[in-house]
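Step one of this worksheet: look at the structure below.
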Amino acid sequence: MMKASRSNGLTFVLTLLTLVSSVRASERPNILRITAEDMSPGLGCYGDGFAITPHIDQLADEGVLYSNAFATAPVCSPSRSCLINGLYAPSQGTHHMRSAFPIPIKMSGFPRLLRSAGYFTSNDVKTNYNSGNYKEITRVSWDESSDTAHWRDRRKGQPFFCIFNLMTSHQSRTMVWPHEKFVSEVQSNLTESEIHDPAKAELPPYYPATPVVRKTVARFYDCVTAMDKQVGAILKQLEDDGLAEDTIVFFYSDHGSGMPRHKRALLDSGMRFWGAVGLTASQSLTPRAVKALTAALSDTAIDVRIESADALARHGHTKESIAVLAAALSHKNPAAVQHAARTIELLGDKARSAVPAMKACDLRMKKIRPPGTSPIVVEPDKDKAMWVLFSTEVFLKRFAEADPSFQTIFNGKDLTGWDGDPKTWHVKDGAICCSGKAGNTWLIWRGGELKDFELRLQFRHLSGNSGVQVRSIEDKKWSVVGYQAEVAAQEQMGLWHHSKAPEKYRFALSNAGEKGHITNDGAKTLTRFAPAEKVRQAFRPGEWNEMIIVGQGPKLIQTVNGVVLSELVDLDAKHATSKGLLAFQDHGNGTEVHYRNIRLKQLCAGGDESQDDPIESGKAESGRE
């Protein structure tokens, strides 16, 4: 997942106009904006465990998530006066709610620029632009503005810019409507499992924990879930019309939620909004999209090159895209350098090859702004260099400095130190690969045994079934028996099992979102700490993922991309092992899985079932991008 720092109405306007102006008319993307009313970041993609928002979460996971963005006003009309033309409300006289101040027509609505470029523009349905001449703004901005406006009304083949304004999370629904009206018009659209339990509502510290407050907060989350369903329905219409591959989707709110201390309050709770931006509404880049983005790597506009490289890199196309980002670090425009540096920082390990360029950029910025420069004196060049250094320093700390306590156990060139069937195991592009051609077999590391340890590696799953064996016992040539963390399709990720164990209770020791505990006599207890489907979303099929396995005493913990998938405490007198081999599985039948950047740290002996629980204490190491 990609994150950005700040955004506002001007950001949306500039992003759209840059995208539109950078491609030929025949290749211009469709643009869809979905606006939620009165919403703070109460969504699953922002880590809100009480929220049920699968459609918006998926959009954020596949696109860009703005994690620290602010509205220009904490109430709708002044905020929307900025959203329609990218100007702060005080600069155009629209900072008072329900203003009648007329905006000069030359400032009236960026959609008119899209219309002049050949776009069909539609708005469903809100037009409170907080100006005395809002009707004129509406006229010049939209081909169609009504409660039935839709991209389907355009000419065949015409690109569109379309807005849907969703009222379901508005304060009227979350707090004002009589409860009976809320139940009949909002809650009735939810299943029983989607209705939020007031007793489980997590309250901010400024709310008293009373039944009325809990009921109101739960009602707000019900409205958000119902709104998420509407988002899903709109995205499905894109898919049904065959437009998902050609449409850029924005999702955002006009300002903070309608709850007390939020709407109309000049505080983060009222000003903080956010947006999930999808480069397309589809889950992956098509060959056509890859071709178009690759061509855009040579665009004359530096920002277009950077954004195109970012989109390609996030979907695994790094060969040319990272080189483009690295080259942008030496651009004469400091804003472009900041853009490129921040993009590389957020790409994380995908941009590891940019380390030399980031080092050079870091040195150049330190010449402009030497360490120790006062942050109080305003010096534009030095201030710009400071923002670049924020990204270069963070990135280089993560990827340019090796942790000496970790041993690299794969050289990236050949299988020296590893033992497996040459029919299937080989090295390609710096990764250990299996091809599924030799049946069920394992590649064993011969460099020692794992006892108390931390194992870090990256894996990419393309097909079939694989896994990482730890503390295992070799039972025959290229075959091991022991603990295995599955590497397979998403519905199997997070499974700890004991490969080849004859006893049924040893097969599935612990699954995604579970803590497994096995006693001395083999009695197994499973405790759920998170929904399986939620933690499995951390795994990105077909892309490189980071797995960390920690074994200390009888406890084994597996994380993927910084999210704890499963935990196991094994005290079984018959089968538990405290030390053993490391191995990778190839289950055969066309399995294709790759492993790289394999590092091992030996931990101090100790640890038992009573040791600090990283799921509870937050001490599990993570590095999610």
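Note that these values count all heavy atoms, side chains included, but never hydrogens, waters or copies made by symmetry.
- Two residues are said to be in side-chain contact when any heavy atoms from C-beta on lie closer than 4.5 Å; Ile409 and Leu582 meet this criterion.
- Pairs passing the salt bridge (Lys or Arg N to Asp or Glu O under 4.0 Å) check and including a residue from residues 525-535, sequence neighbours excluded, read Glu514-Arg528.
- Taking the salt bridge (charged side-chain N to carboxylate O under 4.0 Å, His left out) definition, one finds that Lys574 meets it with Glu503, sequence neighbours left out.
- The two residues Ser499 and Gln469 make their nearest non-hydrogen contact at OG-NE2, 2.7 Å.
- Within a 6.0 Å sphere centred on NZ of Lys437, heavy atoms belonging to other residues, nucleotides or ligands number 12 at most.
- A search for ring pair (Phe, Tyr, Trp, His ring centres under 6.0 Å) contacts involving Phe453 returns nothing, not counting sequence neighbours.
- Counting heavy-atom neighbours within 6.0 Å of Lys359 NZ, excluding the residue itself, gives a total of 12 or less.
- The residues Glu454 and Arg456 are annotated as salt-bridged, a charged nitrogen and a carboxylate oxygen being separated by less than 4.0 angstrom.
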Which atom pairs, one a donor and one an acceptor, fall under 3.5 Å between side chains of residues 291-298 and the rest of the protein, sequence neighbours left out?
| residue | atom | partner | partner atom | Å |
| --- | --- | --- | --- | --- |
| Thr294 | OG1 | Val290 | O | 2.6 |

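- Classification of Asp586 and Lys423 as a salt-bridged pair fails, no side-chain N sitting under 4.0 Å from a carboxylate O.
- By the 4.5 Å heavy-atom criterion applied to side chains, Lys229 and Glu194 are counted as neighbours.
- Taking every heavy atom of both residues into account, Trp442 and Ala583 meet most closely at CD1-CB, 4.0 Å.
- Panel note: side chain Gln490, backbone Arg536; a donor-acceptor pair is recorded below 3.5 Å.
- A salt bridge does not link Lys555 with Asp452: none of the charged nitrogens is closer than 4.0 Å to a carboxylate oxygen.
- By the 4.5 Å heavy-atom criterion applied to side chains, Val593 and Asn465 are not counted as neighbours.
- Aromatic ring pairs are classed by plane angle as parallel below 30°, tilted from 30° to 60° and perpendicular above 60°; the pair Tyr221 and Phe50 is perpendicular.
- By the neighbour-count criterion of 12 heavy atoms within 6.0 Å, atom CG of Asn589 is sparsely surrounded, having that number or fewer from other residues, nucleotides or ligands.
- Every residue meeting the salt bridge (charged side-chain N to carboxylate O under 4.0 Å, His left out) condition with Arg352, not counting sequence neighbours, appears here in chain and number order: Asp349.
- Ring centroid separation for the pair Phe539 and Phe459 comes in under the 6.0 Å cut-off.
- For Lys236, the side chain to side chain donor-acceptor pair (under 3.5 Å) criterion is met by Asp240, not counting sequence neighbours.
- Taking the six-membered ring where the residue is Trp, Phe584 and Tyr595 present parallel rings, their angle staying beneath 30° rather than reaching 60°.
- In this structure, Leu238 and Leu243 have side chains that are in contact, with non-hydrogen atoms separated by less than 4.5 Å.
- A side-chain donor from one of Asn545 and Asn561 sits under 3.5 Å from a side-chain acceptor of the other.
- For Glu491, the CD atom counts as densely surrounded, since its 6.0 Å shell holds more than 12 non-hydrogen atoms of other residues, nucleotides or ligands.
- Phe251 contributes atom CZ, which lies 3.5 Å from atom CD1 of Ile56 (distance to the nearest 0.5 angstrom).
- Within a 6.0 Å sphere centred on NZ of Lys524, other residues, nucleotides and ligands contribute more than 12 heavy atoms.
- Taking the side chain as every heavy atom from C-beta outward, Arg596 and Trp544 approach each other to under 4.5 Å.
- Between Leu571 and Pro554, the shortest heavy-atom distance links the atoms CD2-CB, 3.6 Å.
- Classified by interplanar angle (parallel below 30°, tilted 30° to 60°, perpendicular above 60°), the ring pair Tyr483/Trp496 is perpendicular.
- In this structure, Glu393 places its CD atom where more than 12 heavy-atom neighbours from other residues, nucleotides or ligands lie under 6.0 Å away.
- Between Val550 and the options Thr559, Leu556, Leu603, a side-chain contact (heavy atoms from CB on, under 4.5 Å) holds for only Leu603.
- With 3.5 Å as the limit, one finds no donor-acceptor pair spanning the side chains of Ser463 and Glu592.
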